[in-house]
Amino acid sequence: MSARKQGDGQPEDGGATAGKRLKIAKFSEDPEKKGLSRRLKDAEISLPIVYGTIAFYLGRKASESQSHKWTVYVRGATNEDLSAVIKRVVFQLHPSFNNPTRVMEAPPFELSECGWGEFEIAISLFFHPDVCDKQLDLYHHLKLYPEDESGPQSTKKPVVVESYDEIVFPDPSEAFYARAQNNPAVIVPRMPAGFNISAPVAPENTSERERGDTKDHPLSQWFMNFSEADELLKLAAARQQVQAHIVKLRRQLSVMDGMPQLSKPAPAYE
């Protein structure tokens, strides 16, 4: 498993603008979990995510120790439900908070708090067993104060800091592929013609389940619009197609290697 970090921004006025690009950050690949499911060799499934914080200044009437209200979250890059891949998210806050380890078992994966200080928040992603058997640790710096401190801080426009990541799962299990192939939050490879894995049966009362996306989130107006995200997703899709062709060619080569070799005709002499 690896994570490709492509964007990070913090608008001074709380607007939703893309930030600077960061170098790709790779994580170690998880070992295969024996007996869980067969793996799709030389294929990748990708999950674009955004994680960050939105902090509101509560005004002069707020207490000194509770000057800001902020929310930390992990959301889909296009606000889709991530629960098909992510099982739970653990946020590790500063030790000064009561119960600093916060576990979110269902989407939207977020928590809100009040405070006065900035600190680094550890964000641990845990995946479903057929996705990955190890956690992925991310780190995000909570920012409460805008870069421009020439005037009083606004109580209407928050300070927003978000990062875009593309989490890549190499050699995914067939079970994961079956669940992800029609999920809008996930990028799946285009497999060779004739390759087919049946999707699992949908659970009962699906319509009654709570929505896990963030399309109508109360803070969605402040979410950043990563201008490069669409191009990155297109590149990822193109890469998946190339990998599918590689898989097809390798299968054809393996078939050819197993065929008996024709003997060469003896040379003719006059």
Side-chain angles (χ1 to χ4, degrees), residues 3 5 7-16 19 22 25 27 47 49-77 79 81-83 85-128 132 134-149 152-165 167 210-214 216-224:
K5 186 176 294 183
D8 182 34
Q10 190 274 310
E12 295 181 3
D13 60 355
L22 300 181
F27 294 82
L47 177 70
I49 66 167
V50 172
Y51 58 97
T53 51
I54 296 179
F56 285 89
Y57 175 55
L58 298 179
R60 296 180 179 180
K61 296 182 179 181
S63 65
E64 184 177 351
S65 61
Q66 305 286 320
S67 60
H68 290 75
K69 180 178 181 180
W70 51 265
T71 300
V72 59
Y73 50 86
V74 178
R75 64 179 178 89
N79 293 307
D81 188 343
L82 300 177
S83 61
V85 181
I86 299 177
K87 184 177 182 180
R88 67 179 180 274
V89 176
V90 178
F91 298 98
Q92 187 66 44
L93 307 183
H94 192 272
S96 61
F97 283 87
N98 292 327
N99 185 25
T101 302
R102 309 290 177 87
V103 181
M104 302 299 154
E105 298 283 358
F109 300 108
E110 64 181 22
L111 71 87
S112 297
E113 269 290 357
C114 291
W116 60 271
E118 299 179 346
F119 58 94
E120 185 178 67
I121 302 174
I123 305 173
S124 298
L125 309 183
F126 293 82
F127 307 98
H128 291 287
C132 181
K134 286 190 175 181
Q135 70 189 60
L136 176 62
D137 295 322
L138 306 171
Y139 299 91
H140 177 80
H141 186 78
L142 170 64
K143 193 169 184 61
L144 305 181
Y145 304 93
E147 297 293 338
D148 184 7
E149 298 181 356
Q153 186 171 357
S154 173
T155 58
K156 296 181 179 180
K157 291 186 177 181
V159 175
V160 183
V161 183
E162 288 192 328
S163 296
Y164 172 93
D165 269 14
I167 307 175
E210 294 184 1
R211 288 178 53 182
D213 61 59
T214 53
D216 298 322
H217 195 281
L219 299 177
S220 61
Q221 63 175 313
W222 306 113
F223 290 161
M224 287 187 181

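Bear in mind that the values here come from a model prediction, so they are computed numbers and not experimental data. Throughout, numbering of the chain's residues begins at 1 and tracks the sequence.
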Next on the checklist: A side-chain contact here means heavy atoms from C-beta on lying under 4.5 Å apart; do Asn79 and Asp213 qualify?
Outcome noted: no

Checklist entry - Does Leu93 reach the side chain of Arg102, with side-chain heavy atoms less than 4.5 Å apart? => result yes

Which donor-acceptor pairs under 3.5 Å do the side chains of residues 116-123 make with protein atoms, sequence neighbours left out?
residue: Glu118; atom: OE2; partner: Leu144; partner atom: N; Å: 2.8
residue: Glu118; atom: OE2; partner: Tyr145; partner atom: N; Å: 3.2

Checklist entry - Tell me, which pairs form a side-chain hydrogen bond (donor to acceptor under 3.5 Å, both in side chains) where one or both residues lie in residues 88-100, sequence neighbours left out? => result Gln92-Thr101, His94-Ser96

Item to check | Min side-chain heavy-atom separation Leu125-Leu82 under 4.5 Å | outcome: no

Next on the checklist: Quick check for you: to the nearest 0.5 Å, what is the distance between Leu136 atom CG and Leu47 atom CG?
Outcome noted: 10.0 Å

Item to check | Evaluation steps, side chain to side chain contact (heavy atoms under 4.5 Å, CB included), between Leu138 and Ile49 | outcome: CA-CA 12 Å; Leu138 306 171; Ile49 66 167; 4.0 Å; yes

Checklist entry - Can you check whether Trp70 reaches Leu111 side chain to side chain, under 4.5 Å on heavy atoms? => result yes

Checklist entry - Side chains of His140 and Thr53: is there a donor and an acceptor less than 3.5 Å apart? => result yes

Checklist outcome for this item: Partner of His217 under ring-ring contact (aromatic ring centres under 6.0 Å, His included), picked from Phe223, Phe109, Tyr73, is Phe223

Next on the checklist: Under a 3.5 Å distance rule, please check whether Asp81 uses its side chain to pair with a backbone N or O of Ser83 as donor and acceptor.
Outcome noted: yes

Item to check | Exercise: identify the closest heavy-atom pair between Gly212 and Pro107 | outcome: O-CB, 3.5 Å

Checklist entry - With side chains defined as the heavy atoms from C-beta onward, is the minimum distance between Val89 and Phe126 less than 4.5 Å? => result no

Checklist entry - Is it true that Arg75 and Glu162 make a salt bridge, defined as a side-chain N closer than 4.0 Å to a carboxylate O? => result yes

May I have the list of side-chain donor-acceptor pairs in residues 54-67 shorter than 3.5 Å, sequence neighbours left out?
residue: Ser63; atom: OG; partner: Gln66; partner atom: N; Å: 3.3
residue: Ser67; atom: OG; partner: Gly115; partner atom: O; Å: 3.4

